[in-house]
Amino acid sequence: MDLERALADVVGARHALEDPELRASYERDWTGRFGGPARVVVRPADTAEVAEIVRLCAAAGAAIVPQGGNTGLVGAGVPRNGEVLLSLARLDGIGEVDAALGQVTVGAGATLAALQAACSHAGQDAGLDDAARDSCTIGGVVACDAGGARALRHGTARAHVVGLEAVLADGSTVSRLSGLSKDNAGYDLPQLLVGSEGTLGIITAVRWRTTSALGARVAALVPVASTQAAAALLRALRAEAPSLDSCDFFLDEGMQLVLEQQRRASPLSQRAPVYVLAECAARTDPTDELAAALARAGIEDALIADDTRSREGLWRLREGHTEAIGHLGVPHKLDVGIPLAELGRFLEQVPRVVADAVDGARTILFGHLSDGNVHVNVVGPDPEDERADDAVLGLALACGGTISAEHGVGVAKARWLERARGADEVGAMRAIKRALDPAGLLNPGAVLPSAGWSVLGGLGRRP
Ligand code: FAD
Ligand code: MLT
Ligand code: ZN
């Protein structure tokens with residue numbers, strides 16, 4: 001029996017998609033830059049079906065790309081070379097939120113928004129957020145070790161993983177969903193899978209750490225004169241406002257683009273080179289604490305939003321960047337982390353190094369100030385043209401930063417991993433990969449470049 005037929009027997013014909021039209025939405029990534037045809041798209045219903053699919057693929061020597069909500073931005077959640085696309089979307093159950101313990105078991109395919117809603121219902125807070133919340137899945141979030149604005153206070157996805165269940169490359173299942181917060185028996189396989197981007201195992205469920213919900217929130221949009229002033233403001237807020245929950249930034253070019261796309265006027269009376277968006281959360285109204293911290297930092301002009309509607313309005317300016325940039329063309333998205341002391345130099349130099357690398361390329365910058373996490377978006381170069389990517393990543397390393405802060409390495413940055421981490425560390429990573437996936441069938445070409453990897457093979461051809 002051929003593999004497609006055997007897979008259809010496992011998941012049912014309705015969930016084994018061979019028709020190109022039905023496969024299409026699984027085969028192209030959110031940016032439009034990455035993707036290619038899948039051999040077949042399979043949509044299992046539970047862990048047992050995932051394990052059977054992996055066993056069949058292993059026996060047939062067929063490579064697998066796991067996919068959750070397909071909102072990843074580094075090309076690793078879509079097929080590149082005719083792999084089997086394994087969608088976890090149907091594993092979307094959410095268990096009871098244990099408010100006393102601050103934990104919940106979540107199926108890999110549950111969306112972040114669904115987890116947030118379940119937590120909120122139980123007086124808890126999932127502690128992680130991003131603008132793709134309605135589509136991205138907990139399996140994908142954990143596989144990427146996603147961050148988002150609230151990592152300032154709550155850490156990245158890693159900090160929320162108490163344990164997980166996963167199917168390994170040979171079809172075996174490891175399960176640590178008991179929720180014991182102290183359990184150090186043996187190697188911590190769950191944490192090894194966090195941030196492994198589908199290359200070490202297929203995550204089927206996650207035991208997620210929650211925190212008590214803090215009902216009172218306030219946000220401030222602060223126009224400042226420079227990135228140095230933005231960094232100084234962050235330091236002041238960290239010192240003076242213990243309820244600080246997030247602190248992002250964007251530049252005037254991005255602000256104007258978003259205002260234009262969203263057909264709205266600026267809520268501020270004046271333009272500024274840089275805008276800081278800070279939010280505090282506490283049990284009791286943190287407005288006075290935030291206002292006092294801003295005053296002590298010498299800020300006279302800030303827009304305070306102390307109700308949900310106006311807070312969300314301010315966040316739409318920041319979160320709207322991704323979509324607004326997408327309207328300009330297929331973006332090259334480079335998510336880097338820069339030490340705060342070097343942030344000013346990086347932000348000043350990056351548009352120039354990009355323009356020097358590719359004539360006419362346009363650079364739009366925004367990100368999570370609190371983590372030195374800059375989202376460098378370049379529009380103009382062809383999807384396959386990597387000169388701007390190289391210029392940005394080279395500058396990030398020269399500034400003592402990292403090539404990936406929260407989006408992951410994927411296929412987009414795999415060939416940069418050795419420059420970022422060094423040969424010895426990448427050698428150790430390869431040893432782990434060989435031990436867990438000796439045939440190299442799980443997401444080949446992601447994170448660690450495969451032998452014979454080429455730009456076109458890695459990026460996938462555009463249709
Ligand atoms: P997918 O895109 O489906 O997959 C991503 C990676 O995880 C791939 O390598 C895939 O193979 C692997 N994977 C998926 N599911 C599993 C699984 N069950 N087991 C093993 N591997 C799996 N990221 C941030 O960190 N912070 C942000 O603020 C942020 N904002 C975003 C805003 C927008 C509008 C968009 C489009 C994306 C944003 N992202 C952000 C990027 C993205 O990383 C997150 O949305 C999320 O982590 C991806 O989840 P997903 O289910 O869509 O994963
Ligand atoms: C964000 O912070 O909005 C995301 O990481 C998405 C992006 O970089 O576009
Ligand atoms: Zn981000």
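The figures here come from the full heavy-atom set of this structure, side chains too, leaving out hydrogens, waters and symmetry mates. For reference, positions follow the sequence shown, starting with 1. Order of listing sets the numbers, starting from 1, for every ligand and every atom in it.
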Student: Is it the case that more than 12 heavy atoms not belonging to Glu18 sit under 6.0 Å from its CD atom?
Tutor: yes

Student: Does Thr137, backbone or side chain, put an N or O under 3.5 Å from an N or O of ligand 1?
Tutor: yes

Student: Can you tell me the protein heavy atom closest to atom 1 (P) of ligand 1 and the distance?
Tutor: Asn70 N, 3.6 Å

Student: Answer yes if the side chains of Glu406 and His368 hold a donor-acceptor pair under 3.5 Å, and no otherwise.
Tutor: yes

Student: For atom 53 (O) of ligand 1, which protein heavy atom lies nearest, and how many Å away is it?
Tutor: Gly140 CA, 3.5 Å

Student: Any idea which protein heavy atom is nearest atom 19 (N) of ligand 1, and the distance to it?
Tutor: Ile203 N, 2.9 Å

Student: Check Leu442 against Lys433 and note the closest heavy-atom contact, atom names and distance.
Tutor: O-NZ, 2.9 Å

Student: Would you check whether Pro66 has a nitrogen or oxygen atom less than 3.5 angstrom from a nitrogen or oxygen atom of ligand 1?
Tutor: yes

Student: Can you report which non-hydrogen protein atom sits closest to atom 35 (C) of ligand 1, along with the distance?
Tutor: Ala132 CB, 3.6 Å

Student: Please work out whether any backbone atom (N, CA, C, O) or any side-chain heavy atom from C-beta onward of Asp29 is under 4.0 Å from ligand 1, and answer side chain, backbone, both or neither.
Tutor: neither

Student: Nearest 0.5 angstrom please: Ile338 CD1 to Leu397 CG, how far?
Tutor: 8.5 Å

Student: Which atoms of the protein, restricted to N, O or S, are nearer than 2.8 Å to the Zn ion (ligand 3)?
Tutor: His368 NE2, His375 NE2, Glu406 OE2

Student: With rounding to the nearest 0.5 angstrom, report the CG to CH2 distance, Leu115 to Trp208.
Tutor: 6.5 Å

Student: Do ligand 1 and Thr71 have nitrogen or oxygen atoms that lie under 3.5 Å from each other?
Tutor: yes

Student: For atom 40 (C) of ligand 1, tell me which residue out of Val206, Val142, Asp130 has the closest non-hydrogen atom.
Tutor: Asp130

Student: How far is atom 2 (O) of ligand 1 from its nearest protein heavy atom, and which residue and atom is that?
Tutor: Gly72 N, 2.7 Å

Student: Nearest protein heavy atom to atom 50 (P) of ligand 1, by residue and atom, and its distance?
Tutor: Gly69 N, 3.5 Å

Student: For ligand 1, does Leu73 get within less than 4.0 Å through its side chain, its backbone, both, or neither, judged by non-hydrogen atoms?
Tutor: side chain

Student: What protein heavy atom sits nearest atom 6 (C) of ligand 1, and how far away is it?
Tutor: Cys144 SG, 3.6 Å

Student: Taking a cutoff of less than 4.0 Å between a non-hydrogen atom of the residue and any ligand atom, is Gly201 in contact with ligand 1?
Tutor: yes

Student: Are any of the N/O atoms in Ala146 less than 3.5 Å from those in ligand 1?
Tutor: no

Student: Looking only at distance, does Thr322 have an N or O less than 3.5 Å from an N or O of ligand 1?
Tutor: no

Student: Consider every N or O of Leu88 and every N or O of ligand 1, then say whether any pair is closer than 3.5 Å.
Tutor: no

Student: So is there a nitrogen or oxygen of Gly68 less than 3.5 Å from a nitrogen or oxygen in ligand 1?
Tutor: yes

Student: Taking 4.0 angstrom as the limit and counting only heavy atoms of Ala108, give me the atoms of ligand 1 inside it, by number and element.
Tutor: 18 (N)

Student: Please tell me whether Arg80 and Asn443 have a donor and an acceptor in their side chains that are separated by less than 3.5 angstrom.
Tutor: yes

Student: With nothing but distance in play, are any N or O atoms of Val65 less than 3.5 Å from an N or O of ligand 1?
Tutor: no

Student: Thinking salt bridges, do Arg55 and Glu52 make one under a 4.0 Å N-O criterion?
Tutor: yes

Student: Before accepting this row, confirm whether a basic side-chain N of the pair Arg311/Asp245 lies closer than 4.0 Å to the acidic partner's carboxylate O.
Tutor: no

Student: Quick one: OG1 on Thr211 to CZ on Arg153, what's the gap to the nearest 0.5 Å?
Tutor: 8.0 Å

Student: Under a strict 4.0 Å criterion on non-hydrogen atoms, which protein residues are in contact with ligand 2?
Tutor: Leu73, Arg318, Thr322, Lys333, Phe366, His368, His375, Glu406, His407

Student: Backbone or side chain, does any N or O of Gln67 fall under 3.5 Å from an N or O of ligand 1?
Tutor: no

Student: Judged on heavy-atom distance to atom 12 (C) of ligand 1, which of Cys136, Gly109, Ala143 sits nearest?
Tutor: Ala143

Student: Ignoring hydrogens and geometry beyond distance, is a side-chain donor-acceptor pair present between Tyr275 and Asp252 at under 3.5 Å?
Tutor: yes

Student: Need the ligand 1 atom indices (1-based, order shown) with element for anything under 4.0 Å from a heavy-atom of Asn443.
Tutor: 9 (O), 11 (O)

Student: Looking at ligand 1, does any of its N/O atoms fall within less than 3.5 Å of an N/O of Ser135?
Tutor: no

Student: Do Asp390 and Arg419 meet the salt-bridge criterion of a basic N to acidic O distance under 4.0 Å?
Tutor: no

Student: Can you tell me which portion of His407 lies within the under-4.0 Å heavy-atom range of ligand 1? Options are side chain, backbone, both, or neither.
Tutor: side chain

Student: Under 4.5 Å between any side-chain heavy atoms of Arg318 and Leu221, yes or no?
Tutor: no

Student: Less than 4.0 angstrom from a charged side-chain N to a carboxylate O is my criterion; do Arg150 and Asp129 meet it?
Tutor: no

Student: Tell me whether Ala446 reaches ligand 1 (any heavy atom closer than 4.0 angstrom to a ligand atom).
Tutor: no

Student: Would you say the side chains of Glu165 and Thr204 form a donor-acceptor pair under 3.5 Å?
Tutor: yes

Student: So that I can tick it off, tell me whether Glu319 and Arg133 are bridged by a salt bridge, with the cut-off set at under 4.0 angstrom between side-chain N and carboxylate O.
Tutor: yes

Student: With Asp389 as reference, evaluate Lys413, Lys333, Arg33 under the salt bridge (charged side-chain N to carboxylate O under 4.0 Å, His left out) test and give the passing residue.
Tutor: Arg33

Student: Specify the protein heavy atom at minimum distance from atom 25 (O) of ligand 1: its residue, its atom name, and the distance to 0.1 Å.
Tutor: Gly147 N, 2.9 Å

